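What follows is a set of notes on a single structure, which appears directly below.
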Amino acid sequence: MTDDAKRLIDAARDAAQNAYAPYSGFAVGAAILLSDGEIVTGANFENASYGLSLCAETVAMAKVGNLGRLGDVVAVGISGSPIGVDSEAAVHPCGRCRQILNEAAQLGGRDLAVHCAGSSGDVYQTHHLSTLLPHAFGPADLPPQKG
Ligand code: THU
């Protein structure tokens, strides 16, 4: 693994320990690397009203937004598996999360590296957001916003 990929997947695996996923039984962690080396993490956060559940990537991205750092996102690591199961099968971001990640990608003018792994092992896949979400719609398509 590259250093960045290893750091991010390790951090995502740690974050997945904090998943609240009693309905799906599937724990996901996400770790977002900022340009100064800081890593911001999140885990999926489900709800008894199932459709309200938040993915790990979305939770982590909301934290980055709250730090005022959306334009500083460089790369993302994602890890997941059924709770209590060691799995090397890579988890890829859902479609909604790809769109959420695109906000940061366009604001920062970067094609984000997205490192995808299971909950164990050294197997991972690196993609770029432009491949995962081609022809994306984002802030660059809108007129300049106030505030
Ligand atoms: N999940 C994520 O957190 N990220 C993804 O990209 C895919 C799915 C979560 C949502 C739900 O809590 C559980 O995994 C099963 O779908």
Side-chain angles (χ1 to χ4, degrees), residues 1-35 37-141:
M1 287 196 199
T2 67
D3 285 353
D4 276 357
K6 183 170 175 21
R7 275 185 78 206
L8 287 171
I9 290 169
D10 284 350
R13 285 176 175 162
D14 284 349
Q17 301 297 318
N18 295 324
Y20 176 67
Y23 305 108
S24 71
F26 196 88
V28 182
I32 297 180
L33 177 65
L34 305 182
S35 52
E38 184 175 352
I39 289 178
V40 178
T41 62
N44 52 334
F45 179 60
E46 297 186 348
N47 190 277
S49 179
Y50 297 169
L52 301 185
S53 297
L54 300 175
C55 287
E57 302 91 317
T58 295
V59 170
M61 278 288 293
K63 288 168 68 177
V64 171
N66 283 189
L67 293 171
R69 303 289 304 274
L70 282 177
D72 298 336
V73 175
V74 172
V76 185
I78 302 164
S79 162
S81 73
I83 292 171
V85 174
D86 286 339
S87 170
E88 293 195 355
V91 170
H92 292 80
C94 79
R96 183 174 187 268
C97 288
R98 294 176 195 203
Q99 180 68 26
I100 299 265
L101 292 170
N102 180 62
E103 192 80 9
Q106 284 197 6
L107 289 177
R110 294 185 184 89
D111 192 7
L112 307 186
V114 182
H115 307 293
C116 303
S119 59
S120 66
D122 292 333
V123 178
Y124 73 107
Q125 299 178 26
T126 297
H127 303 279
H128 282 84
L129 191 63
S130 60
T131 308
L132 297 173
L133 189 69
H135 309 290
F137 178 86
D141 295 297

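Please read these numbers as outputs of a predicted model, since none were measured by experiment. In each ligand, atom 1 is the first atom listed, and ligand 1 is the first ligand listed.
- Looking at every heavy atom in both residues, G42 comes nearest to A60 through N-CB, 3.6 Å.
- Considering only non-hydrogen atoms, atom 13 (C) of ligand 1 lies nearest to S24 out of S24, C94, G80.
- The nearest heavy-atom contact from the protein to atom 9 (C) of ligand 1 is N44 ND2, 3.6 Å.
- Less than 4.0 angstrom separates some heavy atom of A56 from each of these atoms of ligand 1: 2 (C), 3 (O).
- Every atom of ligand 1 is numbered from 1 in the order shown, and the set under 4.0 Å from a heavy atom of P93 is 6 (O).
- Proximity to H92 (heavy-atom distance under 4.0 Å) selects the following atoms of ligand 1: 6 (O).
- Partners of L107 according to the side-chain contact (heavy atoms from CB on, under 4.5 Å) rule, which considers only residues two or more places apart in sequence or in another chain, are L70, E103, P139.
- For the residue pair S119/S81, the side-chain donor-acceptor check at 3.5 Å is satisfied.
- In terms of N/O distances under 3.5 Å, ligand 1 is approached by E46.
- Listed by number with element, the atoms of ligand 1 under 4.0 Å from a non-hydrogen atom of V28 are 1 (N), 2 (C), 3 (O), 4 (N), 9 (C), 14 (O).
- Of all the atoms in ligand 1, the ones that sit under 4.0 Å from a non-hydrogen atom of E57 are 2 (C), 3 (O), 4 (N), 5 (C), 6 (O).
- Between G71 and R110, the closest heavy-atom pair is O-NH1, 3.0 Å.
- Summarising the geometry of I9 relative to M1, their closest heavy-atom pair is CD1-SD, 4.1 Å, with the distance given to 0.1 Å.
- Taking a cut-off of under 4.0 Å to the non-hydrogen atoms of C55, the atoms of ligand 1 that pass are 1 (N), 2 (C), 3 (O), 4 (N), 5 (C), 8 (C), 10 (C).
- Sorted by first and then second residue, the ring pair (Phe, Tyr, Trp, His ring centres under 6.0 Å) pairs involving residues 42-98 (not counting sequence neighbours) are Y23-Y50, H92-H127.
- When every heavy atom of M61 is checked against every heavy atom of A104, the shortest pair comes out as CE-CB, 3.6 Å.
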